[in-house]
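Everything numeric in this text was worked out from a predicted model, so none of it was measured.
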Amino acid sequence: MQYRAIGLIKGKYRPSEEQFNRGDLITEDETYLDAVLLGQVMSLVKKYLDLEQTYLWVVYPRTREKEETLHMQIVGVWSTEGFGPVAAAEESETPEEPAVPEEPSQLAAPLQDGYFSIRGEIVFQSTERNYLLVKIQQSPRKSSDRPKAFKLKLTGSLKDKAMGYFWDLHVLRQGEELTILNGQKVALVPPKRKSKQERSESHSPPPQKV
């Protein structure tokens with residue numbers, strides 16, 4: 001039950017005029033995906049890559065909560081030109097959201113444009129709107145940090161009972177959406193244990209009316 005959200009996007013990175021590490025990832029089907037460069041990959045892009053060329057980027061997918069739009073965190077580039085795959089998980093888009101430590105080598109075949117490996121808990125499913133939400137638990141940078149999570153929106157449905165279960169999903173980008181190809185149910189996610197403070201609050205008597 002290792003959480004994961006990582007994939008490959010073939011296209012060109014176009015930085016914004018304001019910040020080099022923020023811009024668009026323009027895919028071969030001319031889809032413009034909001035993107036940000038994380039960690040070491042920014043120096044690699046500046047030193048070694050020609051931004052007029054197309055590359056196979058290693059990305060962490062995210063779903064913007066309010067807009068529900070797809071956003072890509074670029075953490076590496078898949079290349080046979082000497083520097084190989086690069087993964088950078090030391091920085092993130094915001095200090096409050098640590099990156100998931102992953103290695104591109106954990107992406108099993110097919111290593112193709114638009115393929116994503118998603119592993120997490122299904123926390124919501126809408127058959128009418130044909131989508132579901134997968135909760136991805138992030139590993140804290142430090143042992144003292146509290147673990148955090150985010151929800152990823154995927155288009156499609158699963159035949160078996162999905163809610164509350166941990167799934168291994170194979171996903172393909174189609175336009176601005178991530179569409180489920182197939183998936184395998186791994187295990188039932190045990191209910192979260194309450195903290196000592198939550199348990200004490202639940203057993204405390206209600207306030208008396210004066």
Worksheet item: Any side-chain heavy atom of Thr179 within less than 4.5 Å of one from Leu154?
Response: no
Discussion item. Is the shortest side-chain heavy-atom distance between Thr27 and Ile9 below 4.5 Å?
Written reply: yes
Worksheet item: Do other residues, nucleotides or ligands put more than 12 heavy atoms under 6.0 Å from the CD atom of Glu52?
Response: no
Item to complete: Could you verify whether a donor N or O on one side chain and an acceptor N or O on the other, from Glu176 and Thr31, lie under 3.5 Å apart?
Response: no
Practice prompt. Tell me whether Leu133 is reachable from Tyr60 by hopping between hydrophobic residues (I, L, V, M, F, W, Y) whose side-chain heavy atoms are closer than 4.5 Å.
Written response: no
Discussion item. What I want to find out is whether Asp34 reaches Arg64 closely enough, with some N-O distance under 4.0 Å, to be called a salt bridge.
Written reply: yes
Worksheet item: Atom CG of Asp113 and atom CZ of Arg173: how far apart are they, to the nearest 0.5 Å?
Response: 6.0 Å
Practice prompt. Answer yes or no: is there a side-chain heavy-atom contact under 4.5 Å between Ile118 and Leu152?
Written response: yes
Worksheet item: Is it true that the NZ or CZ of Arg62 lies under 6.0 Å from the centre of Phe150's six-membered ring and within 45 degrees of the ring axis?
Response: yes
Worksheet item: Looking at Gly175 and Asp29, what are the two nearest heavy atoms and their distance?
Response: N-OD2, 4.2 Å
Fill in: Reference residue Leu178; test side-chain contact (heavy atoms from CB on, under 4.5 Å); the match among Thr63, Leu70, Thr155
Leu70
Worksheet item: Is there a donor-acceptor pair closer than 3.5 Å between any side-chain N or O of Glu121 and the backbone N or O of Val134?
Response: no
Worksheet entry | Glu68 bridged to Lys153 by N-O distance under 4.0 Å | yes
Worksheet item: Are there more than 12 heavy atoms of other residues, nucleotides or ligands under 6.0 Å from atom CD of Glu30?
Response: no
Worksheet item: How far apart are the C-alpha atoms of Asp168 and Arg119, what are their side-chain angles, what is the distance that settles it, and do they pass the salt bridge (charged side-chain N to carboxylate O under 4.0 Å, His left out) test?
Response: CA-CA 5 Å; Asp168 180 11; Arg119 293 171 59 90; 3.3 Å; yes
Worksheet item: Between Phe166 and Lys185, is there a cation-pi geometry (under 6.0 Å to ring centre, at most 45° from the normal)?
Response: no
Worksheet item: Are the aromatic ring centres of Tyr131 and Phe124 under 6.0 angstrom apart?
Response: yes
Worksheet entry | Value rounded to 0.5 Å, distance of CH2 in Trp57 from CE in Met72 | 13.5 Å
Fill in: Donor on one side chain, acceptor on other, Arg4 and Ser117, under 3.5 Å
yes
Practice prompt. To the nearest 0.5 Å, tell me how far Ser126 OG sits from Leu132 CG.
Written response: 9.5 Å
Practice prompt. Side-chain contact test, heavy atoms from C-beta onward, threshold under 4.5 Å: evaluate it for Lys12 versus Leu25 and give yes or no.
Written response: no
